[in-house]
Number of protein chains: 2
Amino acid sequence: MNIGDVARKSGLPAKTIRYYEDIELVTPKREANGYRVFSDADLHKLTFLARARALGFTIEDCRTLLALYEDETRASAEVKNVARRHLSEIEAKIADLQAMHATLTRLYEECAGDHRPDCPILEGLSGDGDNATPDTGHDTHKGEG
Amino acid sequence: MNIGDVARKSGLPAKTIRYYEDIELVTPKREANGYRVFSDADLHKLTFLARARALGFTIEDCRTLLALYEDETRASAEVKNVARRHLSEIEAKIADLQAMHATLTRLYEECAGDHRPDCPILEGLSGDGDNATPDTGHDTHKGEG
DNA sequence: TCTTGACCTTACAGTTACTGGAAGGCCCAT
DNA sequence: ATGGGCCTTCCAGTAACTGTAAGGTCAAGA
């Protein structure tokens with residue numbers, strides 16, 4: 001199979017597949033003319049990657065998961081650990097977004113949204129109101145240079 | 001005020017403030033020695049930016065909001081539009097994350113997490129199970145080169 | 001006066017996971 | 001030989017910073 005075929009079958013853009021080769025997630029062979037040749041195993045890997053990425057795993061997590069997938073002697077506990085950590089991150093992100101949503105919705109609903117300049121949203125951002133921004137409890141940034 | 005002062009007062013890292021100057025969100029004056037000098041208005045702007053960023057607005061949204069903030073003749077409807085669009089994006093992201101969370105939780109709970117290699121999470125990713133990945137309905141990527 | 005240390009400066013590279021585009025080679029049909 | 005659709009590489013750009021190096025400035029203390 002050439003790259004276009006596996007792109008169609010895996011649902012990944014050809015460009016992404018080339019990138020995955022670049023970072024050594026897949027290592028297709030080459031034809032004499034330089035074209036990449038993908039085996040069924042390569043396609044399977046790419047499909048695995050597409051699914052893992054769709055679940056929000058980072059590339060590095062994908063690398064780990066792929067290694068575990070190919071290690072017949074793995075302990076499922078290891079996989080579960082990766083998944084647990086990722087679930088925690090997803091939960092943290094959801095919580096962050098929900099906090100933003102709650103705050104912004106409050107301001108949004110107070111805003112008349114008409115031709116006049118008075119705007120509780122801008123007032124909230126400028127710090128006039130209290131409670132202007134939520135504190136989600138985790139760091140947005142750490143120490144400084 | 002020097003950059004360290006406004007960094008402490010706004011909660012933004014000095015590095016970020018320099019970056020904001022780079023992209024012309026703030027334009028502090030300079031002392032003879034080259035040090036940036038921030039006015040109260042600059043500090044106010046930075047605090048505004050910090051709050052808007054904490055609510056997840058993009059830098060470009062921040063630029064727009066700041067311009068509206070400084071335009072005495074604005075219509076609050078314009079601000080509300082920016083907020084509405086941003087709320088929609090937050091909602092879409094939450095929905096995506098919740099779909100990922102649901103799928104991964106299902107696999108997670110099926111996984112024994114012990115010393116044995118059998119793992120429903122990996123099976124789900126490799127496509128053995130049905131329903132392996134959710135379809136959130138929006139594009140992850142568009143056309144191809 | 002010299003030094004120490006905290007502050008400030010710039011410039012460049014790296015992060016994440018791609019995406020876009022240019023410039024060109026390969027292959028098949030007309 | 002020409003057109004179109006594939007394929008190749010390489011370079012640059014995205015978002016919003018962050019890290020690091022190399023060095024200038026300033027106030028306090030020995």
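Protein chains get the first letters and strands the later ones, always in sequence-line order, with residue 1 at the start of each.
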N/O donor-acceptor pair under 3.5 Å between B:K80 side chain and A:C111 backbone: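 Answer holds: yes.
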Whether A:H86 side chain and A:T58 backbone form a donor-acceptor pair below 3.5 Å: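 Checked: no pair found.
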d([atom1], [X]; [atom2], [N]) in whole Å:
{"X": "A:I59", "N": "C:dC18", "atom1": "CD1", "atom2": "C1'", "value": "9 Å"}
{"X": "B:F57", "N": "D:dC17", "atom1": "CZ", "atom2": "C1'", "value": "20 Å"}
{"X": "B:Y19", "N": "C:dT15", "atom1": "OH", "atom2": "P", "value": "18 Å"}
{"X": "A:I3", "N": "C:dG25", "atom1": "CD1", "atom2": "C1'", "value": "16 Å"}
{"X": "B:I17", "N": "C:dC8", "atom1": "CD1", "atom2": "C1'", "value": "13 Å"}
{"X": "B:K15", "N": "D:dA15", "atom1": "NZ", "atom2": "P", "value": "20 Å"}
{"X": "A:I23", "N": "C:dA17", "atom1": "CD1", "atom2": "C1'", "value": "8 Å"}
{"X": "A:N2", "N": "D:dG5", "atom1": "CG", "atom2": "C1'", "value": "12 Å"}

Exercise: do B:D114 and A:S76 side chains pair donor with acceptor under 3.5 Å: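 B:D114 vs A:S76: donor-acceptor pair found between side chains.
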Any residue meeting side chain to side chain donor-acceptor pair (under 3.5 Å) with B:T73, in chain and number order, not counting sequence neighbours: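 With sequence neighbours excluded, B:T73 shows a side chain to side chain donor-acceptor pair (under 3.5 Å) to B:D71, given in chain and number order.
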When you measure from the side-chain N and O atoms of [X] to the phosphate of [N], is any distance below 4.0 Å, counting only OP1 and OP2?
{"X": "A:R18", "N": "C:dC18", "answer": "no"}
{"X": "B:Y20", "N": "D:dA16", "answer": "no"}
{"X": "A:T16", "N": "C:dT19", "answer": "yes"}

Ring geometry between A:F48 and A:Y69 (parallel below 30°, tilted from 30 to 60°, perpendicular above 60°):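 Geometry flag for A:F48 against A:Y69: tilted rings.
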Flag side-chain contact, heavy atom, 4.5 Å: A:E78 against A:T64: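 When only atoms from C-beta onward are counted, A:T64 and A:E78 do not touch, as no gap falls below 4.5 Å.
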Qualifying residue, where the test is side chain to side chain contact (heavy atoms under 4.5 Å, CB included) with B:I17 and the options are B:I3, B:L25, B:D42, B:L49: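 By the side chain to side chain contact (heavy atoms under 4.5 Å, CB included) criterion, B:I17 pairs with just one of B:I3, B:L25, B:D42, B:L49: B:I3.
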Neighbours of DNA chain D within residues 25-45 of chain A, by heavy-atom distance under 4.0 Å: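 Within residues 25-45 of chain A, the residues near DNA chain D are A:R30, A:G34, A:Y35, A:R36.
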